[in-house]
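Notes follow the structure.
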Amino acid sequence: MRSSVFFYPTLRETPQEAQIASHRLMLRSGMISQVTSGIYTWLPLGLKVLRNISQIVREEQDRAGSLEVLMPTIQPAELWEKSGRYHDYGKEMLRIIDRHEREMLYGPTAEEVITDIFARFIKSYRDLPKRFYNIQWKFRDEIRPRFGIMRGREFLMKDNYSFDLSIEGAKASYQAMLEAYVKTFARMDLTAIPVRASSGAIGGNLSHEFQILAETGESEIFYDVDYESLDVNTLTLDRLQTLYAASDELHDPKNCPVPKEKLKTARGIEVGHVFYFGTKYSVPLGAFVMGPDGKQVPVEMGSYGIGISRLVGAIIEAHHDEDGIKWPESVAPFKVGLLNLKIKDEACNKLCDDLYGKLLQAGVDVLYDDRDMGTGAKFADMDLIGLPWQIIIGPRSVSSGQCEVKNRRTGEKLELSFEDALKKVV
Ligand code: 5CA
């Protein structure tokens, strides 16, 4: 992609309304633009990241034996009257009346819709277990939307719902999801700590929140220092359960199982939340199956959310410096930024165009800064948008046959031939 064609309206100044790094950097790099309170347009650069994150989440959900569906954003009030949540949900629910005076709502979550699907199509224990997920926009009319997309009103969520015949089955689904989450977040270079949680409006009796450590996090958490060195490849749920973590509302200093020297406290951003809630929805919505003994039983359920749009902010909180974002390769909007320092120089242009062509041919997603502007501004923009690799070509490259390759993460710079530069980033 050529910068002269692309659209990323970068800002030099820090926007007044942004209080935390991720919000500032998302606005400054032209990833998002606010439409109204808590509601944003995702501009091309931001959308690429959102898609990359969605894809990682999707791959790990599929790997954990889940089936993707796409449920609507708008739901009928009727379903929520059956579960009893229509009146309980209160002002956070955006309620809509259609032209026939029917009560509708913009879904804050989808337990009712998916349980209704299950009830209509699945009748026998032989079809269990089943796990369905979707990646869809949700709406919660938050009292205080803040920190940009971190606490929005409209936000993108992955929500998965599991259906099992027994409590043991439901626990196995819960464990599979816990493990999938640890892997998902590790692929984004995040340390996520599963913290025991209360289950709030979703209800139920077993629940964990996944917290990313960041100073600007909304909750205070207490955890065993061993969490910081969890190895995903050897991680099992049993190992997880030997480790302690709790948030301020559940942490009891008198009964804390972690010795003082291993107990750490930090602030966290909640990027995921898993719940086991038994038959809370299956009974009122009629999700029963025939068991092996021929009797009808309500299915055991859980639900599992990931805040995909919030993750964009959380990743930036974990990976940035004073100059801008430092994207992990797995989610970066482009892998390489190619800087042409002198577009008025034909020889320099030719070198850049050649390398650009070769990068594309090698399947590398590259942003080629071919704009007619000062080098200082080009360097600043590239550091700001935070692509993992920069290849810098200027008039000097014409005589030396070399370019500069910079790793945005480590700051390491190398002078390499064009061939070696290509090898380095492929
Ligand atoms: N039905 C369950 C799980 S499928 C559920 O709704 N869980 S939740 O309420 O905890 O939301 C799941 C995740 O969505 C949260 O962990 C958080 O990362 C994200 N989320 C929730 N509210 C917002 C919001 N206002 N803005 C951005 N992300 C949010």
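Order of listing sets the numbers, starting from 1, for every ligand and every atom in it.
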Does D62 pair with R58 as a salt bridge, N-O distance under 4.0 Å?
-> no
May I ask you to say whether K264 pairs ionically with D224, meaning some side-chain N is under 4.0 Å from a carboxylate O?
-> no
Would you be so kind as to tabulate the donor-acceptor pairs closer than 3.5 Å made by side chains of residues 284-300, with sequence neighbours excluded?
unit_1: D293; atom_1: OD1; unit_2: K295; atom_2: N; d: 3.0
unit_1: E300; atom_1: OE1; unit_2: Y276; atom_2: OH; d: 2.6

Can you check whether S4's main-chain N or O pairs, donor with acceptor, with D370's side chain at less than 3.5 Å?
-> yes
Heavy-atom proximity to atom 11 (O) of ligand 1, picking from H273, M157, R310, E92, points to M157
Check: of R144, M150, R140, E270, min heavy-atom distance to atom 18 (O) of ligand 1 comes from E270
Determine the minimum heavy-atom distance between L27 and L11, stating which atoms define it.
-> O-CD1, 3.8 Å
Ligand-residue contact atoms, ligand 1 with Y304, heavy atoms, under 4.0 Å | 3 (C), 4 (S)
Minimal non-hydrogen separation, F334 against L387, with atom names = O-CD2, 3.4 Å
Going by the order shown, which atoms of ligand 1 are within less than 4.0 Å of some heavy atom of V271?
-> 16 (O), 18 (O)
Ligand 1 to D159, heavy atom cutoff 4.0 Å, flagged ligand atoms 4 (S)
Quick one: does F275 get a heavy atom under 4.0 Å from ligand 1?
-> yes
Answer yes or no: is there a donor N or O on one side and an acceptor on the other, between the side chain of K378 and the main chain of N340, under 3.5 Å?
-> yes
For ligand 1, is G152 a contact, meaning one of its heavy atoms is under 4.0 Å away?
-> yes
Report yes if T109 has an N/O atom closer than 3.5 Å to an N/O atom of ligand 1; otherwise report no.
-> yes
Closest to atom 23 (C) of ligand 1 among F139, Y133, F155, Y161 (heavy-atom distance) | F155
Give the numbers and elements of all ligand 1 atoms closer than 4.0 Å to a heavy atom of E111.
-> 1 (N), 2 (C)
Would you call K130 and D164 a salt bridge, using N to O less than 4.0 angstrom?
-> no
Heavy-atom contact under 4.0 Å between E209 and ligand 1?
-> no
Going by atom type alone, with no hydrogens or angles, which donor-acceptor pairs under 3.5 Å involve a side-chain atom of residues 30-46 and a protein atom two or more places apart or on another chain?
unit_1: Q34; atom_1: OE1; unit_2: Y40; atom_2: OH; d: 3.3

Any N/O pair E142/ligand 1 closer than 3.5 Å | yes
Sub-4.0 Å atoms of ligand 1 with respect to non-hydrogen atoms of G307 = 13 (C), 14 (O), 18 (O), 19 (C)
